[in-house]
Amino acid sequence: MAKESIGMQPIKAVYPDGQAREIASPEEALAIFRHSTSHLMAAAVQDLFPGTRLGIGPATEDGFYYDFQTESPFHQEDLEKIEARMSELVRQDLEIQPFLWEKQAAIDYFRGKGEHLKVELIEERAGDTLSCYRLGEMVDFCRGPHMARTGLLADFKLLSNAASYWKGDEKREPLQRIYGTGFFSREDLQGYLHKLEEARKRDHRKLGKDLQLFHIFEMAGPGFVYWLPKGTTLRYELESFTRQEHLRRGYQFVTIPHLARNTLFKTSGHYSFFRENMYVLDIEEEEYVIKPMNCPGHILIYKTGLHSYRDLPIRYAEFGTVYRYEKSGTLHGMLRVRGFTQDDAHIFCTPDQVYSEVLGVIDFAEFILKTFGFEDYKIELSVWDPAHPENYAGTAENWQSAEDALRRALDEKGLRYARKEGEAAFYGPKIDMKLIDAIGREWQATTIQFDFNLPERFDVTYIGPDSAKHRVIMIHRALFGSIERFTGVLLEHFAGALPVWLSPVQVVLIPISERHHEYARQVQGRLTSAGLRVQMDDRNEKMGYKIREAQMQKVPFMLVVGDKEASGGLVSVRNRFQGDEGQCSVEDFLLRLQQLVATRAVQP
RNA sequence: GCCAGCGUAGCUCAGUGGUAGAGCAACUGAUUCGUAAUCAGUAGGUCGUCGGUUCAAUCCCGACCGCUGGCUCCA
């Protein structure tokens with residue numbers, strides 16, 4: 001987030017051999033600087049809270065953290081005390097001093113201090129000799145390098161504290177993490193804090209409230225999104241756009257109920273491996289499940305008849321709403337909810353159709369994402385861990401040919417990707433496409449997954465040219481991912497200023513005084529009957545007031561009408577980005593708007 | 001779920017152990033206005049919920065609910 005605000009002065013960092021070397025890359029320099037600041041913080045914490053034991057304390061993208069094992073958790077006031085102590089250590093300008101240690105001596109030292117987490121790390125990672133850094137009283141096992149002295153660590157701020165787990169494992173020791181950030185200069189630090197402020201302004205939760213798009217009610221339950229009229233307009237535009245495109249690309253739409261006997265999900269296997277995420281209820285002494293996935297339903301539809309290889313591929317699509325229990329602490333606006341609608345589809349095909357189907361899906365995904373101006377994605381190809389085939393459904397042959405198809409399709413499209421071994425779900429390899437928004441953040445959207453499990457469990461087949469039954473290949477895919485999440489991402493990406501075709505209100509008419517109301521209504525009628533979403537602000541307020549409100553609502557176009565316009569069939573056009581554009585005829589404006597909508601222009 | 005912080009009018013936020021205030025929005029009236037806030041008036045709150053301490057709780061304590069930042073997980 002703060003990439004461009006990295007200070008440029010070259011630094012010298014001290015390596016474990018005691019040598020100071022100049023660091024050429026500004027990113028690396030800043031990371032070293034922050035890593036040293038995290039050591040500074042750890043030293044301050046150990047001064048103030050004797051007996052606090054150390055976890056790890058790396059630099060991160062935007063700052064640093066350090067994990068501690070403490071008797072009692074840190075509080076807000078503690079952060080201030082720690083900051084003050086850090087400043088004190090900066091004033092003392094202590095050396096951050098490297099030295100080498102023989103492994104057993106180091107283990108004895110840390111064990112003697114009760115630092116068993118450090119001992120664990122040393123046992124895992126260290127060779128016969130290892131490097132440590134001393135900062136005041138604190139000695140830390142660390143490969144460095146570090147800034148030479150604490151006096152160089154000027155501008156830092158502690159931001160928050162949080163619980164974490166040793167090695168990120170819920171079953172291991174709970175730790176206390178303190179986050180902070182540091183910069184080479186006060187201006188850079190303030191710039192970063194300012195950026196955090198800016199990011200908050202484009203937070204989809206704030207925009208959703210300000211623009212009256214959606215609401216989550218405490219009374220109705222956390223993680224359940226209610227779409228207000230304006231939000232629903234936006235959602236319907238997204239859906240009808242992608243619905244048309246699905247039909248054009250040979251998908252058929254299906255609709256399934258939200259509730260099923262548990263038998264359906266026992267057959268699919270979700271009842272055992274997805275149980276903790278499912279909502280279950282009793283009806284007449286039978287157990288029912290609220291669907292957490294659409295796939296079993298689509299499979300039932302597939303199985304209503306026999307399918308010849310000539311019928312394949314069959315592509316079933318649905319805006320399928322699913323409900324999943326997510327831990328309360330993970331919920332986040334529209335981006336992480338408990339009920340959401342996937343633009344889901346399942347492709348049933350033969351093995352030799354796999355490649356072209358995957359290619360088709362990738363092409364579709366690119367088309368969709370580019371429509372919103374997302375030109376950059378990060379693609380991950382997740383495959384199994386070949387060392388543990390027993391953890392996966394399907395044969396080695398299945399996995400290999402599926403991976404080949406995914407890989408060839410990515411190559412064909414000229415897309416770069418990272419191959420992630422062991423990251424696949426147990427039921428098949430997958431491609432994830434993460435889009436990168438206007439301020440550089442990544443969001444998971446498109447996912448394309450093979451499924452070797454469900455066709456087996458439901459015995460899903462087709463009749464081949466040999467008149468025998470063959471196991472179908474099933475591909476599960478979602479392009480937006482979920483409509484809730486995608487909408488949230490769009491809002492943040494556009495900072496609420498959505499493209500015209502998606503804007504709940506596309507035009508606001510602003511009559512200058514009451515005598516222009518009638519003309520404004522005529523213009524509104526003309527534009528509305530041509531299919532635009534137009535509102536008229538006929539409140540008894542001054543023009544500037546109405547403009548201000550329309551601007552804050554991010555309405556793409558404001559049409560000011562007064563005497564000059566009413567007499568000539570004109571409107572004065574105000575664009576939310578450029579401001580006053582001058583006059584044009586109602587018909588010219590209409591044509592222009594229709595063009596923007598028809599082409600789904602990202603920028604008017 | 002775990003740790004910390006937070007929860008006061010539709011929104012943004014003040015506030016105090018003695019049953020609450022501002023700005024904006026809303027409503028009413030005046031004004032009829034040329035590219036980001038016209039003026040005046042009115043109305044609006046069981047201070048998240050439930051318990052406890054107290055003569056008295058929005059304030060202190062506890063539990064619960066929810067939100068925020070993280071951890072874990074994920075569309």
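Quick note on labels: first sequence line is chain A, next is B, and so on, each numbered from 1. Note that the coordinates shown come from a computational prediction; the quantities given were computed from them, not determined experimentally.
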Counting any heavy atom closer than 4.0 Å, what does A:Ala550 reach on the DNA or RNA strands: base, sugar-phosphate only, or nothing?
nothing
Do nucleotides 34-42 of chain B as a string where each nucleotide becomes B, S or -: B if the base has a protein heavy atom under 4.0 Å, S if just the sugar-phosphate does, - if no protein is that close.
BBBBB----
A:Leu175 CG - B:rA4 C1' separation (whole Å):
15 Å
Is it the case that atom OH in A:Tyr236 sees more than 12 heavy atoms from other parts of the structure closer than 6.0 Å?
no
NZ or CZ of A:Arg34 within 45° of A:Phe64 ring axis and under 6.0 Å
no
Would you tell me if any nitrogen or oxygen in the side chain of A:Lys167 comes within less than 4.0 Å of OP1 or OP2 on B:rC71?
no
Which word best sums up how the rings of A:Phe374 and A:Phe372 line up, parallel for under 30°, tilted for 30 to 60°, or perpendicular for over 60°?
tilted
Classify the nucleic acid contact of A:Tyr325 as base, sugar-phosphate or nothing, counting any heavy atom under 4.0 Å across all strands shown.
sugar-phosphate
OP1 or OP2 of B:rA75 versus the side-chain N and O atoms of A:His476: is any pair under 4.0 Å?
no
Heavy atoms under 4.0 Å, any strand shown: does A:Tyr65 hit a base, just sugar-phosphate, or nothing?
nothing
Might you work through the salt bridge (Lys or Arg N to Asp or Glu O under 4.0 Å) test for A:Asp203 and A:Arg205, ending with a clear yes or no?
CA-CA 5 Å; A:Asp203 188 316; A:Arg205 292 165 300 187; 2.4 Å; yes
Close approaches to RNA chain B from residues 235-242 of chain A, in residue order (heavy atom, under 4.0 Å)
none
For B:rC73, does OP1 or OP2 lie under 4.0 Å from any side-chain N or O of A:Arg324?
no
Give me the stems containing RNA chain B, sorted by first residue, counting only three or more consecutive Watson-Crick or G-U pairs with both distances under 3.5 Å; say none if there aren't any.
B:1-7 with B:65-71, B:10-13 with B:21-24, B:26-30 with B:38-42, B:48-52 with B:60-64
Between A:Tyr165 and B:rG70, does any side-chain N or O lie under 4.0 Å from OP1 or OP2?
no
